[in-house]
> 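Can you keep this structure in mind? I'll have questions shortly.
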Amino acid sequence: MHDFEYEAPTTVADAVKLLAKHNGSARILAGGTDLIDQIRMGRFAPDVVVDIKKVEALHSIEISADGLRLGAVVPCYQIYGNETICRDYSALADATKIIGGAQIQSRASVGGNLCNSGPAADSTPALIALGAQAMIAGPNVIREVPVEKFCTGPGKNVLQPGELLTALVMPARPAHSGSHYLRFIPRNEMDIAVVGAGASVVLDESGKNFVSARIAIGAVAATPLFAEEASNLLAGQPVGDEAIEAAMAATRKIATPIDDMRGTVEFRKHVTGVLTRRALEKAIERARANTGS
């Protein structure tokens with residue numbers, strides 16, 4: 001393995017200073033479940049690894065009337081172990097339950113999963129469906145980026161040298177809302193999604209009409225995608241097969257998968273529609289059960 005220096009700052013400001021000082025030659029370690037392998041395999045050869053696990057501010061889970069603020073290094077098991085997140089942000093709980101096994105979930109974070117920027121990342125479509133914003137701290141600025149615009153290519157994202165993802169912020173969930181994430185994998189032993197789909201819906205009080213929706217898909221393009229047209233097609237429509245099938249078609253339309261060992265283009269586009277339907281149906285079921293009381 002490539003030799004590197006190790007730093008473990010205890011504040012966001014100190015972490016940013018270290019990253020800025022090394023100007024692109026540093027890599028951030030949150031859980032390390034991806035990074036250690038990437039260094040071992042020679043994908044990255046950093047001069048220094050900056051371990052941010054000791055930055056207490058990045059471990060917080062804050063739930064208020066404004067929504068959910070999730071620190072960048074909160075591990076998966078703490079997310080799906082939180083009763084409020086499971087109830088109100090269930091797509092995120094769904095995703096974190098299936099990222100690796102128990103050992104991975106005890107270390108891996110949603111923030112790290114996002115920054116790794118894999119096209120098949122499980123948590124990213126869930127975050128997009130829930131309208132998450134990425135909070136980024138840098139040497140001279142703090143900025144906010146919608147998660148659907150965070151990833152720019154396989155393994156690439158909007159973070160500049162010296163910048164650090166500090167939190168993910170999701171708006172409060174209203175009554176009659178629900179969300180779901182699921183993926184297709186060819187067998188239990190293969191953990192990388194062939195297709196992933198997340199959906200979030202808000203229904204009217206009758207539970208018979210969509211007020212709004214957000215659909216996101218993964219593993220079928222260079223980055224996880226926000227299916228904006230499909231989402232907009234549902235707003236104001238009656239809940240039923242006609243609206244859902246229109247959303248399925250619009251979601252398939254933006255999928256641009258490749259042929260690889262996990263599946264063909266034709267198969268993966270078909271599965272994109274199937275999972276969109278299933279994600280919506282489960283989100284609708286949860287929304288109808290969520291009366292806000």
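Values in this document were obtained by computation on a predicted structure and should not be read as measured data.
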> How close do L164 and A15 get, counting heavy atoms only, and between which atoms?
CD2-CB, 4.0 Å
> I'd like to know whether CD1 of I142 has more than 12 heavy-atom contacts from other residues, nucleotides or ligands below 6.0 angstrom.
no
> Salt bridge (charged side-chain N to carboxylate O under 4.0 Å, His left out): which pairs involve residues 213-232, sequence neighbours left out?
E148-R214
> For Y89, is there any backbone N or O sitting under 3.5 Å from a side-chain donor or acceptor partner on R173?
no
> Under the rule for salt bridge (Lys or Arg N to Asp or Glu O under 4.0 Å), what residues qualify as partners of E281, not counting sequence neighbours?
R277
> Any donor-acceptor pair under 3.5 Å linking the side chain of Q237 with the backbone of F210?
no
> Would you say R268's side chain and I258's backbone share a donor-acceptor pair under 3.5 angstrom?
yes
> Working note: F4 + F44, criterion ring-ring contact (aromatic ring centres under 6.0 Å, His included); need CA distance, chi angles, decisive distance, verdict.
CA-CA 11 Å; F4 53 82; F44 297 125; over 10 Å; no
> Are D260 and R262 close enough for a salt bridge, meaning some N to O gap below 4.0 Å?
yes
> Please answer whether the main-chain N or O of C115 pairs with a side-chain N or O of S117 as donor and acceptor at a distance below 3.5 Å.
yes
> Hey, any chance V73 and I136 share a hydrophobic cluster, counting ILVMFWY side chains that come within less than 4.5 Å of each other, even indirectly?
no
> Okay, side chain of K269, backbone of A255: is any donor-acceptor separation there less than 3.5 Å?
yes
> Does L29 belong to the same Ile/Leu/Val/Met/Phe/Trp/Tyr cluster as L19, with side-chain heavy atoms less than 4.5 Å apart forming each link?
no
> Do L70 and L114 share a hydrophobic cluster, counting only Ile, Leu, Val, Met, Phe, Trp and Tyr and linking them when any side-chain heavy atoms are less than 4.5 Å apart?
yes
> Check whether L18 and V49 end up in the same hydrophobic cluster, where Ile, Leu, Val, Met, Phe, Trp and Tyr are linked by side-chain heavy atoms less than 4.5 Å apart.
no
> Taking E163 for its side chain and Q160 for its backbone only, find out whether a donor-acceptor pair lies under 3.5 Å.
yes
> Got a salt bridge between D14 and K54, using NZ or NE/NH1/NH2 to carboxylate O under 4.0 Å?
no
> To the nearest 0.5 Å, how far apart are CD in Q133 and CE in M170?
10.0 Å
> State which residues pass side-chain contact (heavy atoms from CB on, under 4.5 Å) with S206; sequence neighbours excluded, sorted by chain then number.
D204, K208, N209
> Would you check if the side chain of R183 reaches a backbone N or O of G196 as a donor-acceptor pair within less than 3.5 Å?
no
> Is any side-chain heavy atom of L92 closer than 4.5 Å to one of L168?
no
> Might you point out which heavy atoms bring I99 and D122 nearest each other, and give the distance in Å?
CG1-CB, 4.1 Å
